[in-house]
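Right, one structure below, let's go through it.
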Amino acid sequence: ISENSISDIKEYYNKKEKVPLAIHTRMMELFKEYIIVGGMPRVVMEYINTKNFSKVLKLQRGILIDYEDDIAKYADNQEKVRTKACFNSIPKQLAKEYKKFQYSVVEKKSTAKKYSNSIKWLKDAGIINICHNISNIELPLEGYAKEDCFKIYVQDTGLFVAMLEKGTTNNILNGDLKIYKGAIFENIVADALNKLGKKLYYFSKN
C-alpha cells in the first residue's frame, strides 16, 4: 500500500467522511490478513512469497515450539514448567467472558505468589503484552493501575491466532472476528498500541 493511499484514507478520517466501499473492502481484506499473519519477519516473508495460509500456520507453530524451547533453555529451573503453563493458558484466559488473568486457570487453587515470576519472564522476553486494570479514569493512568489485576495478550496477534483451534483462520477470513468472545479484536488493538509505544490499561465498572 503506497504512502499516498494511506494519506488519502487519513483524509477521509480527518474530514469525517465515509471511505469509498471499494477502498474499505480492500483495507478490511488486508486487515484480516494481518491478523492471521502478524508481523514477524519470517512469517511475513513466507506469506509474501507463497500467499499460503497453511504454510504460514506451519511456520507460526514452529515459532511457538521455539518459544517453548527458549523457556526450557533460559528460564530458571523452577520456573520452566510454570512459565510454559502460563503461556499455554492464554487462549483459555481470553476465551472467558471476563478476561482478567486468573492463576486458577493455569493451575487449580494457584496464586500470584507461585506464578508472578513466570508472567514477568514472558513479558521481559517480549512474548506477551500486559494490560493493567485501572481504578479510575484520570491522569496519570499509571497511578491508578492495579498490579494484581490485569489481562495478558500475545505480543504478535498472528501467533495468538496460531494458538487457537483449527478453522480459526477461515473464520477470520469470512469476517467472523467475534470468536473467542472478541479476544482477537482485543489482542489486535493491544498489538497496535504496543507498537506505538503505548502502555496498556483497561477500565471496568460494575
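Here the structure is a predicted model, which is why all the values come from computation and not from measurement.
- In this pair, F53 and Y47 present their aromatic rings parallel. The plane angle is below 30°, not in the 30 to 60° band.
- For the residue pair E186 / Y202, no side-chain donor-acceptor distance below 3.5 Å is found, with atom types taken as modelled.
- Looking only at side-chain heavy atoms (C-beta outward), L94 and Y153 come within less than 4.5 Å of each other.
- In this structure the side chain of I128 reaches within 4.5 angstrom of the side chain of I119, judged on heavy atoms.
- Between the CG atom in N129 and the NZ atom in K195 there is a gap of 8.0 Å [rounded to 0.5 Å].
- In this structure, Y67 OH and T83 OG1 are separated by 14.5 Å, a value rounded to the nearest 0.5 Å.
- With respect to the salt-bridge test (charged N to carboxylate O, under 4.0 angstrom), the residues K55 and E46 do not qualify.
- Ring centroids of F203 and Y144 are separated by 6.0 Å or more, keeping the two rings apart.
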Evaluation steps, salt bridge (Lys or Arg N to Asp or Glu O under 4.0 Å), between K114 and E107 | CA-CA 10 Å; K114 185 173 182 179; E107 180 186 354; 2.8 Å; yes
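- Grouped by direct or indirect side-chain proximity (heavy atoms under 4.5 Å, Ile/Leu/Val/Met/Phe/Trp/Tyr only), I23 sits with I1, I6, I9, Y12, V19, M27, L30.
- Residue E142 places its CD atom among 12 or fewer non-hydrogen atoms of other residues, nucleotides or ligands, all under 6.0 Å distant.
- Contact of the V106 side chain with the Y115 side chain is registered, since non-hydrogen atoms from C-beta on lie closer than 4.5 Å.
- Aromatic pair Y103/F101: ring centres closer than 6.0 Å.
- Within 6.0 Å of OH in Y13 there are 12 or fewer heavy atoms belonging to other residues, nucleotides or ligands.
- In this structure, A162 and R61 approach most closely via the heavy-atom pair O-NE, 3.3 Å.
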Stepwise side-chain contact (heavy atoms from CB on, under 4.5 Å) test for S118 and C86 | CA-CA 7 Å; S118 299; C86 282; 3.9 Å; yes
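- Evaluation of the salt bridge (Lys or Arg N to Asp or Glu O under 4.0 Å) rule for D148 yields no partner, not counting sequence neighbours.
- Note on D124 versus K120: salt bridge recorded, some NZ/NE/NH1/NH2 to OD/OE distance being below 4.0 Å.
- Rounding to the nearest 0.5 Å gives a distance of 11.0 Å between CG of L200 and CG of L141.
- The shortest side-chain heavy-atom distance between I63 and M40 falls under the 4.5 Å cut-off.
- Within the model, atoms CG of D70 and CD1 of I65 stand 12.0 Å from one another, a figure rounded to the nearest 0.5 Å.
- The side-chain heavy atoms of Q60 and V56, taken from C-beta on, include a pair separated by under 4.5 Å.
- You'll find the side chain of I127 reaches within 4.5 Å of the side chain of W121, heavy atoms only.
- Once rounded to the nearest 0.5 Å, the distance linking CG of L59 with OG of S54 reads 12.5 Å.
- Atom NZ of K32 has more than 12 neighbouring heavy atoms from other residues, nucleotides or ligands inside a 6.0 Å radius.
- The main-chain N or O of V154 is found under 3.5 Å from a side-chain atom of N187 such that the two form a donor-acceptor pair.
- You'll find the side chain of K96 reaches within 4.5 Å of the side chain of V105, heavy atoms only.
- Looking only at side-chain heavy atoms (C-beta outward), E33 and I36 stay at 4.5 Å or farther from each other.
- If you take CG on L173 and CD1 on I35, they are separated by 9.5 Å, rounding to the nearest 0.5 Å.
- S89 places no side-chain N or O within donor-acceptor distance of the main-chain N or O of K92, the cut-off being under 3.5 Å.
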Kindly determine whether K146 and H132 satisfy side-chain contact (heavy atoms from CB on, under 4.5 Å), including the steps that lead there.
-> CA-CA 6 Å; K146 303 176 186 176; H132 284 282; 5.9 Å; no
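- Among pairs with a residue in residues 166-175, none fulfils side chain to side chain donor-acceptor pair (under 3.5 Å), at least two apart in sequence or across chains.
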Take F87 and L64, measure what side-chain contact (heavy atoms from CB on, under 4.5 Å) needs, and give me the verdict at the end.
-> CA-CA 10 Å; F87 180 66; L64 291 171; 3.8 Å; yes
